[in-house]
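Structure first, then comments.
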Amino acid sequence: ISVTGTPDGQTARCGHSVADITAGMFSLIGILMALRGREQTGRGQFVDVSMLDSMISAMASNYANLLGSGIVPKPLGTAFATIVPYAAFPTKDREIAIAVASEKLWATFCDSIGKPEWIADPRFATNPLRVANRTVLEPAIIEIFRTRTAAEWTAHFKSTGIPCTPVRTLDEVVADPQSEARHMFPVLHHPKAGEIKVTGAPIKFSETAGAIESPAPLLGQHTAEALHHLLGLTAADIEALTAEGVMKQSS
């Protein structure tokens, strides 16, 4: 939170549960590493993952900058501390994010916005200079961007090779053709809710393609199946437990 917020120092929570999700991913990585280790040694082991450790590791570049420079970072809005221009800027109608992360892109960017003189400007000629003079450069970029809509700038920058995108809302991401092409919002049938959209699998395989095939189970939906496969209970055993009120199957 100390590095997320507005440039004037107002902090803000990240828009999703980053610590929980990051720790979950590191847990999965740890489990896979432990399984690989067991294949080689025949021994299992306890996997220890904490949210604190996970966040420190995920923010490795932030801590590298702190440990190397001694400078404690502060909120920068959407801007990037070590690359300029690399942020979301307002346009005539909505924000657009750009990533001008090399000197080649900088030259292309300057030409594409009608500012070729910025290429050799002693204030902006290199990325370190642009970082040092961001309080001059970024307002000048905003002034130019406000002359067109986000859609116009996006089309223009894509034609010149500048990485960019409008800052989209979640519903716009759901409706985006790329999301459909990547099967990221499949439609499933839920026995009570009917047709529902869910988030898809983020990892694709060439040989063992994964997919989300079923919705979240109802309470008790898989109890009988689990007792049969894991504990060897027969159908009669399960019926007896159900009749005695020990377990309840979904209806």
Side-chain angles (χ1 to χ4, degrees), residues 4 12-36 39 47 49 51 54-55 57-61 78 80 83 86-89 91 93-102 105 149-226 228-230 249-251:
T4 304
R13 175 187 175 274
C14 179
H16 77 104
S17 300
V18 59
D20 304 81
I21 300 302
T22 301
M25 290 193 294
F26 275 117
S27 297
L28 174 58
I29 293 169
I31 291 168
L32 295 175
M33 293 171 69
L35 288 171
R36 182 60 174 159
E39 290 177 358
V47 180
V49 176
M51 287 196 286
S54 298
M55 289 308 301
S57 182
M59 298 175 68
S61 62
T78 61
F80 200 73
I83 304 175
Y86 195 118
F89 294 94
T91 68
D93 58 349
R94 60 190 299 182
E95 285 191 318
I96 183 173
I98 61 170
V100 183
S102 70
L105 283 174
T149 65
E152 291 171 330
W153 280 119
T154 299
H156 178 65
F157 286 141
K158 285 186 175 180
S159 70
T160 60
I162 300 296
C164 67
T165 179
V167 177
R168 296 177 297 170
T169 57
L170 297 190
D171 59 321
E172 289 176 319
V173 175
V174 172
D176 192 278
Q178 182 67 5
S179 298
E180 182 178 358
R182 297 291 295 173
H183 308 293
M184 284 310 299
F185 294 100
V187 176
L188 302 178
H189 178 77
H190 190 277
K192 289 191 174 180
E195 298 294 317
I196 58 171
K197 277 189 177 183
V198 298
T199 51
I203 302 172
K204 277 74 172 175
F205 296 94
S206 61
E207 301 299 327
T208 55
I212 309 299
E213 297 179 344
S214 61
L218 299 174
L219 180 63
Q221 180 177 335
H222 298 142
T223 301
E225 181 182 349
H228 172 68
H229 288 291
L230 298 177
Q249 299 188 55
S250 63
S251 57

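Remember, predicted model here, so these are calculated numbers, not experimental data.
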Parallel, tilted or perpendicular: rings of Phe157 and Trp153 (30°, 60°): parallel

Heavy-atom side-chain contact between Ile212 and His183 under 4.5 Å: no

More than 12 heavy atoms from other groups under 6.0 Å of CZ on Arg36: no

Beyond-backbone contact of Ile162 with His156, side-chain heavy atoms, under 4.5 angstrom: no

Leu230, CG: over 12 other non-hydrogen atoms inside 6.0 angstrom: yes

Within-4.5 Å side-chain heavy-atom neighbours: Ser54 and Val49: yes

Min side-chain heavy-atom separation Pro166-Thr91 under 4.5 Å: no

Lys158, NZ atom: more than 12 neighbouring heavy atoms under 6.0 Å: no

Donor-acceptor under 3.5 Å (Ser179 side chain, Val174 main chain): no

Backbone of His222 reached by a side-chain donor or acceptor of Glu225 within 3.5 Å: no

Atom CD of Glu180: over 12 foreign heavy atoms under 6.0 Å: no

Neighbour count >12 (heavy atoms, 6.0 Å) for atom CZ, Arg182: no

Close side-chain approach of Ile83 and Val100, heavy atoms under 4.5 Å: no

Rounded distance (nearest 0.5 Å) linking atom OG1 of Thr154 with atom CD1 of Ile96: 3.5 Å

